Amino acid sequence: MGQQSGGAAIRVGVIGAGVMGADHARNLHGAVVGATVTALADQNRPVAEKVAAEIDAPRVFDDGLDLIRSDDVDAIVIASHDSTHASFALAALELGKPVLCEKPLAPTVDEARRVVQAEADTGHPLIGVGFMRRFDPSYVDLKQAVTSGDLGDILVAHCVSRTVESYPGGDSASTVTNSAIHELDIVPWLLDSPITQVSWHAGRSSRNSGTRQDPQLLLLRTESEVLVTVEVFLNARYGYDTRCEVVGEVGTAALTLPQRIVVDRERARGVAYPADWIPRYADAYRLELQEWVDALRAGRTSMLATAADGLRASVVAEAVLESMRSGGVTVDVPN
């Protein structure tokens, strides 16, 4: 982009006006400095029109490709169905337009590789991937505790990701590629060590999960020999809940409960869980978008996860699926 801070606002087009796309559009409109949403696209045009009217976005498309080609759009947020991510990213790269692509970068490893290669061919780092946990203040503090050395060498880590209810239409594999993939990115970021081995495990499945195996347990090993457990339970019912604890030689550090306060009332003490990820990661999404916009205006590389990071997470996810299909055997992650 090459624009300097303080110049014209970045004109952003958002593809996908569902829960995630609408949230991005609202953040860009009301919480992020230096950007304006000039267009929205969704194959369900009335949904896009409703969000556009809410934030005064002047243009609406029912085809994301038309939005990408629009002269009124400088940069694109891709928050449409996972199956469309690669094609929209490639179209944006052809025009040299920067992208913030929601995870996953692409539904398959081969498609992710094509996006990475297309970006390399432009000679510019135009793709940022929406692994927003890197911007969550609690994860940032946890990483600081790890890197400070105060805990000693990290030995093991434990991650838990639970949601109220899974989206319809998914299967056991999509639990990995659409949900656990957050852990497959944040673990190597947190420990500064890539995942080198994985195995997939499951026992009794919840009666609320249909044909999807739920919960699932992943066992990850990093290059630094840290062993990591990941529990993913998408139909936990009680609330949206993310946990992470790192265990070092002389201390431990963990994310705290999902609320900033505890309430004492009627002889009981408790906290409330959010219904989904939006309130839990509201700060992370806002900070991620602000960093993306600031980097574009300053003409610098952003701190977002890169296309290569997105590809790596997909490679690890594919190794997990190989273990799933093979009865839980340990699988080496390709370099």
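Everything quoted here is computed from the prediction, not taken from an experiment.
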V250: which other cluster members, linking ILVMFWY side chains closer than 4.5 Å, directly or transitively? none

Can D141 and S138 be counted as having a side-chain donor-acceptor contact under 3.5 angstrom? no

Which residues share a salt bridge (Lys or Arg N to Asp or Glu O under 4.0 Å) with D185, sequence neighbours left out: R134

Under 3.5 Å donor-acceptor, D214 side chain and S205 backbone: no

Atom NZ of K143: over 12 foreign heavy atoms under 6.0 Å: yes

Quick test of your reading of the model: are R212 and D171 salt-bridged, counting only N-O distances below 4.0 Å? no

Separation of Q216 CD from T175 OG1 (nearest 0.5 Å): 4.5 Å

Give a yes or no on whether a salt bridge exists between E318 and R325, defined as a side-chain N under 4.0 angstrom from a carboxylate O. yes

With sequence neighbours excluded, tell me which residues meet side-chain hydrogen bond (donor to acceptor under 3.5 Å, both in side chains) with R26. E54

According to the salt bridge (Lys or Arg N to Asp or Glu O under 4.0 Å) rule, which pairs have a member within residues 103-115, sequence neighbours left out? D110-R113

Looking only at heavy atoms, which two atoms of V109 and S314 are closest? And how far apart? CG2-O, 3.5 Å

Got a sec, which pairs hit ring-ring contact (aromatic ring centres under 6.0 Å, His included) with one end in residues 203-228, sequence neighbours left out? none

Where at least one partner belongs to residues 245-262, residue pairs that pass side chain to side chain donor-acceptor pair (under 3.5 Å), sequence neighbours excluded: R260-D283

In terms of relative ring orientation, are Y285 and H24 parallel, tilted or perpendicular, with 30° and 60° separating the classes? perpendicular

Quick note, ring-ring contact (aromatic ring centres under 6.0 Å, His included) partners involving residues 231-259, not counting sequence neighbours, are Y238-Y273

Within residues 222-238 or reaching into it, pairs that qualify as salt bridge (Lys or Arg N to Asp or Glu O under 4.0 Å) - sequence neighbours excluded: R162-E231, R221-E225

Could I get the full list of side-chain contact (heavy atoms from CB on, under 4.5 Å) partners for A275, not counting sequence neighbours? none

Check whether more than 12 heavy atoms from other residues, nucleotides or ligands sit under 6.0 Å from atom CG of D72, and answer yes or no. yes

Mind jotting down which residue pairs meet the ring-ring contact (aromatic ring centres under 6.0 Å, His included) criterion with at least one end in residues 190-223? Sequence neighbours excluded, please. none

Cluster overlap I154 with V247, hydrophobic side-chain contacts below 4.5 Å: no

Is it the case that over 12 heavy atoms from other parts of the model lie below 6.0 angstrom from the CG atom of D121? yes

Sequence-distant partners of R133, salt bridge (Lys or Arg N to Asp or Glu O under 4.0 Å), two or more places apart: E183

Just to verify, what does D66 make a salt bridge (Lys or Arg N to Asp or Glu O under 4.0 Å) with, not counting sequence neighbours? R69

